[in-house]
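The next block holds one structure in the form of structure tokens; read it before the comments.
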Amino acid sequence: MSNSDIYHEMIIDYSRNPINFGTIVKPDIFMHDSNPLCGDSIDLYMNVDDDVHSISEIKFNGKGCAICIACTSVLTEITKGKKIDDVIKINKTDILSELGLQKLNPVRIKCALLSLKILKFSIYSYLSDKIKKIDDTRKTELFKLKDDATNLY
Amino acid sequence: MSNSDIYHEMIIDYSRNPINFGTIVKPDIFMHDSNPLCGDSIDLYMNVDDDVHSISEIKFNGKGCAICIACTSVLTEITKGKKIDDVIKINKTDILSELGLQKLNPVRIKCALLSLKILKFSIYSYLSDKIKKIDDTRKTELFKLKDDATNLY
Amino acid sequence: MKTQTTSIDYIRKDFPILNRCVYDDKQLIYLDNASTTQKPIQVINAINNFYRNYNSNIHRSVYSIANEATAAYENTRSKIAKFLNIRNAKEIIFVRGTTEAINLVAYSWGRNNIAKDDVIVTTEYEHHSNIVPWQLLVKEKQAKLKYIEINENGELRLDQLDDYLEYGNVKLVTFSQMSNVLGTITDSTKIISKCKKYNVKTLIDGAQSAPHMKVNIDDIGCDFFACSAHKMLGPTGVGILWAPKNVMEHMVPFHGGGDMIKEVHKYETTWNDLPYKFEAGTPNIADVIGFSTAIDYINDIGIDTIRNHEEDLRNYALSKLDNIKNIVIYGNKDSAKSGGIISFNFADIHPHDLATILDEDGIAIRSGHHCAQVLMEKLDVPATSRISFYIYNTKNEIDKLVISLEKAARLFKL
Amino acid sequence: MKTQTTSIDYIRKDFPILNRCVYDDKQLIYLDNASTTQKPIQVINAINNFYRNYNSNIHRSVYSIANEATAAYENTRSKIAKFLNIRNAKEIIFVRGTTEAINLVAYSWGRNNIAKDDVIVTTEYEHHSNIVPWQLLVKEKQAKLKYIEINENGELRLDQLDDYLEYGNVKLVTFSQMSNVLGTITDSTKIISKCKKYNVKTLIDGAQSAPHMKVNIDDIGCDFFACSAHKMLGPTGVGILWAPKNVMEHMVPFHGGGDMIKEVHKYETTWNDLPYKFEAGTPNIADVIGFSTAIDYINDIGIDTIRNHEEDLRNYALSKLDNIKNIVIYGNKDSAKSGGIISFNFADIHPHDLATILDEDGIAIRSGHHCAQVLMEKLDVPATSRISFYIYNTKNEIDKLVISLEKAARLFKL
Ligand SMILES: Cc1ncc(COP(=O)(O)O)c(C=O)c1O
Ligand SMILES: Cc1ncc(COP(=O)(O)O)c(C=O)c1O
């Protein structure tokens, strides 16, 4: 993939005008993580609508390259309003294909997927805390989520 | 140097019938050292004749290869009865040439010179202890002896 | 048999050094494989190719050659995982070799898990690398080091392990899967099943086993495993430590520096994900990549073929040595229970002298304590001579060894 | 000028990688030399030659190839001693790199010499390798870490060092002789003369200085010096720690294992002579030998020639970058006070994005925090772009860099 293909209009626009950029005071879910190898650093905030088990509100804050910020913007757009059960199914292709980044090289892929990793981990720990009595199917599901997050890149 | 040249009659004789092999009870000088890389291990014992400042008695004990044992035998023969001032002048060529080992390779040279190293170090520490007020020339001499020992191989 | 000889000839062609002569006209006969093995041209070329075509630092840069280097480096982890049957390649830490791996455990796990009066159990046939780090640790912690002794066949007396475990306070049992002096293959499964009953951690020093026999870490169920690339056709300066994620997660960092951190601030720092938390600084990139090719080479031949070949050579050598008067062999005569290693002494000829005499005929054998002085004390010898085989050795080489031994006997008038 | 170009062309021929293309047709322009340098064919061949002709373990065997390997390995020590003006080659310890060297000091010297409330002083422009080991140590010992800050020219505020020293309890001052981000050359002589007055030990991180300028350890008078081979034309996986004998003699062992011992018994052990006490296990033999050839290569060109060439390139690059709008340069504009390193940011283009865009034209630059997050916090940027030169870089490459930067400006509509 040639790089000028990467840096198309949409990426540059998103990076200069990110969507859902900001913070939530007292969020239901919060997590920070960074990419140790390049320094991208993202805070993710979410509120949960308990009635319908969905993400009612999502914001992010932080510093990152155009790819990181654009992908995080897209991720928040996809996530917002979704049922948690559906949110945990979001996968890397969903993000990458939206921005035409399927062929990103392995180092840059970390920039693209940092926020998805944070999303998965934060929901994992939210669910682990929340559900006191976890039945076995639920448990397997949770472990899968954690595995997903761990092995994302 | 071809090895069959190394293993001549004299070396093998000395190694089977070492000279001055044994121990001295309550020696004036004693030191143990070993060759960490091959396991040769030598104890050196000496008595000093204080009147004439010479080595009146010398014995060694330990385990080692033919080269180590032969060289240590030769060293004790050269040392015995010598004035300390002369003993500290004994150098590696004195030992190696006596046994035709001048071209020994760097690893085996450690076998040949282990006992000389012990001799130099033990006399160094004997003299350092003995001479309470060391004048400056003597001091330089002593440092030289220690250096000699350190840099022998 | 014919086919075997042919295929060994074929293999030997991959090892340039085997064509070299010493003392002008003596073709090298290399019988010191337990110390380090020779390298096939494929491994040499892999290193060469890295430096010629995509040398760059890894993980931290976005440009093309850095991507290629990072991918190749990480690929070695996957190769090793498959080779040793490790489920998660991210549980593999690259280190300089077995020695560093064991020291890493002593520092990063040991210093937090060993307390006063705790017991670490090792064995009498360990390499210094699996003794000294524990001596240092027990001294610091006022803990105790205990040894499983060997019997007259050079096998571990596992009844002593039972006693130690029963007595209590044992926190770690650490042992080599194959002795580098006697060749004895340790019954790892038995040891580990004993230890598991008492919830005791186990470390396997795989320096000698990984190169010469099938190792299946997932089956064995140990807690730590260490080995060195240079003993298995790979370059010097690389080895691995493996530990399962749940154990590694509770280990503190070893070296601090670049790549092992997540975020560094002036007064506090967070650690990187596994295994990078334990890989501080620029690693030995070229040689990690070379290691990968070494594993390919072993896989191509097949680890079982290697094992069989060595067993065959050992049996042949034992039968030949049996015919020479005054040779004392240490360890197990049963080659099914031993790697391709034979330690011996020859009358009163000191091993160093013997090695020098054999060297004249181009034969490289190891003499000394083999970094196993505790074992030497047990055997009550200052040193032994040791021959050790690998896939490229031949019976013809053993025949030449025998001729050379006879020469030594003449020189020493035996 | 003509002669210089010709001789650089001549040098470039020694580096096979410089002929390679990325993305099919873009010849590699390698400007990430502060991270790792490329290797001349001479170094690649030295490693090759070792494995093809005399690969064997060192120190412990008496046969011919082991002798050759041992001699070549030890010869590197003498080469380095001469190169850095170290009086006694036995004061040089081989390690994996600068990171391991500094950690060795933290463990083997630090753990016995740093106590509660003691102070270690480092600087704001240190690499993580010279921060994290000290954070770990002060945490363990309840000691303190203090930072010398930088001024707007990227130079250390040595008045702060005076304050720290006067305040007392300082046991170690540790600093890089050249910043890997800003290029600033530290006034080592001044720092050390200050420290000597207070009898405070000093450590120099020479990772960036040793490759690029004359280092004279005997003159400088520091207590510890560390550098990495891979940043000075040598292979990955090797570096050195130097300390004077009288300091080293009071350091406890770091890794336990083979080669670092004199005698091992079941319950006590004695240590080997220096420097072997600190070189446990099979070292990275091939690469230590390759390092020797790297030093020969540098000597052949002349370290002062290298320094002049880089100063020249830096001045040229600065003048070109000056013509581009929206480029902010960090560090000293005066190339006499700086190594061949330039860190910058380009409008709001994130360094990663910039590096990816330049990569398309075959240009390899580094982007990120450069393992210097403390400095990034100080500069108040998440990352910078960095170009860094070595002897094989040319003005023509800088011209191409400028064209590529202009392309980036177009893509980002600056
Ligand atoms: C100033 C400085 N110190 C230390 C290091 C660490 O060196 P290495 O990664 O070779 O251990 C580097 C290189 O990244 C550096 O530039
Ligand atoms: C059983 C055993 N353990 C540990 C080691 C040490 O390995 P290395 O020197 O590669 O660190 C060796 C090799 O010498 C060995 O044979």
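When reading the values below, keep in mind they use all heavy atoms of this one structure, side chains included, and skip hydrogens, waters and symmetry mates. Below, read A as the first sequence line, B as the second, and so on, with proteins coming before strands; counting in each chain starts at 1.
Atoms CG and OG1, from D:N284 and C:T236 in turn, are 4.5 Å apart once rounded to the nearest 0.5 Å. Atom CD1 of D:I363 sits about 11.5 Å away from atom OG of C:S64, to the nearest 0.5 Å. Note that the CD1 atom of D:I29 and the OH atom of C:Y63 stand 13.5 Å from one another [nearest 0.5 Å]. Going from atom CD of C:E268 over to atom NZ of D:K139 covers 10.0 Å, rounded to the nearest 0.5 Å. Between C:N67 atom CG and D:D359 atom CG the span is 7.5 Å, to the nearest 0.5 Å.
Between chain D and the residues C:V62, C:T37, C:I41, the most heavy-atom pairs under 4.5 angstrom are made by C:V62. Of the listed residues (C:N53, C:V43, C:V22), the greatest number of heavy-atom pairs within a distance under 4.5 Å of chain D belongs to C:N53. Across D:A66, D:P133, D:A364, the residue that shares the most heavy-atom pairs under 4.5 angstrom with chain C is D:A364. Between chain C and the options D:I102, D:L136, D:N48, heavy-atom pairs under 4.5 Å are most frequent for D:N48. Looking only at heavy-atom pairs under 4.5 Å with chain C, the residue among D:G97, D:S129, D:A106 that has the most is D:S129. Per-residue counts of heavy-atom pairs under 4.5 Å with chain D were compared for C:M376, C:K231, C:H230, C:H127; the largest is that of C:H230.
In this structure, the salt bridge (Lys or Arg N to Asp or Glu O under 4.0 Å) partners of C:D353, at least two apart in sequence or on a different chain, are B:R108. Take D:P351 and apply the side-chain contact (heavy atoms from CB on, under 4.5 Å) test, not counting sequence neighbours, and it matches D:N345, D:S367, D:A383, D:S385.
Of all the heavy atoms in D:T99 and C:G281, the pair that sits closest is OG1-CA, 3.3 Å. Taking every heavy atom of both residues into account, D:V132 and C:I261 meet most closely at CG2-CG2, 3.8 Å. Residues C:C371 and D:G258 approach most closely at SG-CA, 3.9 Å, considering heavy atoms.
At a 4.5 Å heavy-atom cutoff, the contact between C:P283 and chain D is made by backbone atoms alone. Proximity to chain C involves both the backbone and the side chain of D:Y54, based on heavy atoms less than 4.5 angstrom apart. Using a 4.5 Å cut-off between heavy atoms, D:N103 touches chain C through its side chain atoms alone. Only the backbone of D:I365 comes within contact range of chain C, with heavy atoms under 4.5 Å apart. Interface residue D:I285: backbone and side-chain heavy atoms are both found under 4.5 Å from chain C. For D:V264, the parts lying under 4.5 angstrom from a heavy atom of chain C are both the backbone and the side chain. With a 4.5 angstrom heavy-atom cutoff, D:Q135 touches chain C only via side-chain atoms. Using a 4.5 Å cut-off between heavy atoms, D:L145 touches chain C through backbone and side chain atoms alike. Residue contact with chain C, scored on non-hydrogen atoms closer than 4.5 Å, involves the side chain of D:M260 exclusively. Looking at D:Y107, only its side chain comes within 4.5 Å of chain C, counting heavy atoms on both sides. Looking at D:R386, neither its backbone nor its side chain comes within 4.5 Å of chain C, counting heavy atoms on both sides. Proximity to chain D is limited to the side chain of C:L28, based on heavy atoms less than 4.5 angstrom apart.
Counting heavy atoms from C-beta on, the side chains of D:E100 and C:E100 come closer than 4.5 Å. When side chains are defined from C-beta on, D:P16 does not count as touching C:Y51, because their heavy atoms never get closer than 4.5 Å. For the pair C:S61 and D:D32, the minimum side-chain heavy-atom distance is below 4.5 Å. For the pair D:R52/C:K39, no side-chain contact is recorded, criterion being any heavy-atom separation below 4.5 Å from C-beta on.
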Residue pair C:Y147, D:Y267: steps toward the ring-ring contact (aromatic ring centres under 6.0 Å, His included) verdict: CA-CA 10 Å; C:Y147 288 83; D:Y267 306 104; 5.6 Å; yes
Show your working on side-chain contact (heavy atoms from CB on, under 4.5 Å) between D:H369 and C:E263 and close with a plain yes or no. CA-CA 10 Å; D:H369 54 58; C:E263 288 176 29; over 6 Å; no
Could you go through D:Q38 and C:I65, starting from their C-alpha distance and side-chain angles, then the distance that decides it, and tell me whether this counts as side-chain contact (heavy atoms from CB on, under 4.5 Å)? CA-CA 12 Å; D:Q38 297 306 331; C:I65 56 171; 4.1 Å; yes
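No salt bridge links D:E126 with C:K266; every basic N to acidic carboxylate O contact stays at or beyond 4.0 Å. Of the charged side-chain nitrogens involved, none lies within less than 4.0 Å of a carboxylate oxygen, so that C:R96 and D:E279 do not count as a salt-bridged pair.
In this model, no donor atom of one side chain and acceptor atom of the other lie less than 3.5 Å apart for C:N57 and D:T36. Side-chain contact, D:H265 with C:E377: a donor N or O sits under 3.5 Å from an acceptor N or O.
Ring geometry for D:H255 against C:H255 counts as parallel: the plane angle stays under 30°, on a 0 to 90° scale with 60° as the upper cut.
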